[in-house]
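A short worksheet on the structure shown next.
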Amino acid sequence: MKLFYSPGACSQAPHILLRETGAAFTLVKVDLGQHRTPEGDNYYELNPKGQVPLLALDDGTTLSEGPVIAQYIAERAGRQDLLPPVGSLVRYKVLEWQNYITSELHKSFSPLFDPRFDAATKALHVQQLGKKYAWVNSRLEGQAYLTGEQFTVADAYLFAVTNWAPNVGLDLSALANVLAFLARVAQRDSVRAALAAEGLAKAA
Ligand SMILES: N[C@@H](CCC(=O)N[C@@H](CS)C(=O)NCC(=O)O)C(=O)O
């Protein structure tokens with residue numbers, strides 16, 4: 001398999017999961033400014049959405065949409081700790097988080113990286129995100145991960161997007177549970193290896 005990624009982007013979540021599951025994969029770094037692969041190929045030809053993550057399977061099939069790629073990676077590896085089985089209630093709690101992270105957190109960060117939005121508009125988005133993170137913080141009270149004591153696909157996703165906070169002026173310093181969560185997840189071997197492979201300073 002090949003994972004098309006960009007350092008520190010949301011593609012970090014499936015990257016972590018590939019390492020959690022011990023899958024055989026190669027990383028392909030996409031230049032999201034130019035939408036080019038390292039070989040200079042037009043990335044839109046691989047993924048017409050122009051976005052990472054993209055997982056190219058060995059048979060040539062490609063999968064996009066991070067939460068779906070996460071589901072594929074966990075289920076392909078039979079890792080019911082990362083994504084509980086069909087019929088178990090906790091599966092729906094994990095999927096509930098996946099949906100919340102993708103629609104309420106991930107996509108609320110996007111305008112903050114867009115130079116077309118002015119400072120006042122960005123400040124409003126940061127304020128709204130702060131409220132959402134206060135709620136996430138309350139959900140993490142007394143537990144290590146989003147759905148309890150078990151690390152799941154949703155925790156990998158929350159980790160990847162929450163690390164954007166300092167880059168967009170989102171102050172999480174009052175949210176002790178979120179900070180403890182980030183520190184906890186950062187210690188996982190899979191996460192350390194993923195950050196190192198993405199060339200991010202934190203990995204050292
Ligand atoms: N719905 C997609 C969104 C992916 C996404 O927003 N990717 C961003 C990086 S975090 C991206 O590739 N942006 C570059 C672009 O849109 O051109 C998913 O969940 O995978």
Side-chain angles (χ1 to χ4, degrees), residues 1-21 23 25-57 61-76 82-83 94-117 121-122 125-126 128-129 132-133 136 146 152-170 172 182 185-186 191 194-195 197-203:
M1 293 186 285
K2 280 186 199 167
L3 179 70
F4 292 83
Y5 84 106
S6 175
C10 54
S11 46
Q12 193 175 86
H15 183 183
I16 290 168
L17 296 170
L18 285 166
R19 293 183 186 274
E20 280 282 334
T21 58
F25 70 99
T26 54
L27 281 173
V28 183
K29 186 170 165 179
V30 178
D31 176 344
L32 286 178
Q34 302 298 318
H35 292 95
R36 295 271 163 198
T37 68
E39 291 74 37
D41 294 331
N42 181 356
Y43 183 58
Y44 284 108
E45 287 175 10
L46 288 158
N47 182 4
K49 296 172 187 169
Q51 295 176 317
V52 293
L54 184 76
L55 188 68
L57 309 185
T61 306
T62 54
L63 284 177
S64 62
E65 300 303 321
V68 174
I69 294 173
Q71 185 168 348
Y72 176 79
I73 292 169
E75 292 184 338
R76 176 183 180 274
L82 295 172
L83 182 60
V94 173
L95 294 177
E96 185 181 52
W97 273 114
Q98 287 288 72
N99 203 68
Y100 186 78
I101 297 164
T102 204
S103 61
E104 301 294 335
L105 301 181
H106 180 174
K107 283 298 146 178
S108 296
F109 275 101
S110 302
L112 301 174
F113 291 110
D114 190 330
R116 292 170 299 179
F117 286 87
T121 309
K122 286 185 179 178
H125 279 283
V126 167
Q128 287 304 109
L129 253 179
K132 290 173 184 179
Y133 269 101
V136 173
L146 287 170
T152 74
V153 292
D155 297 299
Y157 197 12
L158 180 66
F159 177 82
V161 302
T162 306
N163 277 319
W164 300 336
N167 305 331
V168 299
L170 174 61
L172 299 177
L182 291 177
V185 175
V191 173
L195 293 175
E198 295 194 8
L200 300 176
K202 254 185 178 174

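One-based numbering, in listed order, for ligands and for the atoms of each.
- Regarding atom 10 (S) of ligand 1, its nearest protein heavy-atom neighbour is C10 SG, 2.8 Å.
- Closest non-hydrogen pair, P67 versus Q98, comes out as CA-NE2, 3.8 Å.
- Under a cut-off of 6.0 angstrom, the local environment of NZ in K122 is crowded, with over 12 non-hydrogen atoms contributed by other residues, nucleotides or ligands.
- Nearest-heavy-atom check against atom 5 (C) of ligand 1 across L63, V52, V30, D114 picks out V52.
- Close approach to P53 involves these atoms of ligand 1, each under 4.0 Å from a residue heavy atom: 20 (O).
- Here the heavy atom of the protein found nearest to atom 3 (C) of ligand 1 is Q51 OE1, 3.6 Å.
- The nearest non-hydrogen atom to atom 15 (C) of ligand 1, considering only G50, P14, P67, comes from G50.
- Between H125 and V168 the shortest side-chain heavy-atom distance does not fall below 4.5 Å.
- Side-chain contact check for L158 versus Y133: some heavy-atom pair is nearer than 4.5 Å.
- Residue-to-ligand polar distances place K107 within reach of ligand 1: an N/O pair is separated by less than 3.5 Å.
- The proximity of H35 to ligand 1, defined as any non-hydrogen pair under 4.0 Å, is limited to the side chain.
- Put simply, the side chain of V153 reaches to within 4.5 Å of the side chain of L17, judged on heavy atoms.
- Within the 4.5 Å cutoff, the side chain of L54 has heavy atoms near those of the Y43 side chain.
- For atom 1 (N) of ligand 1, the nearest non-hydrogen atom of the protein is E65 OE1, 2.6 Å.
- Geometrically, ligand 1 and G66 share a nitrogen or oxygen pair separated by less than 3.5 Å.
- Contacts between L32 and ligand 1, counted as non-hydrogen atom pairs separated by less than 4.0 Å, involve the side chain only.
- Within the 4.5 Å cutoff, no side-chain heavy atoms of V30 are placed close to those of R36.
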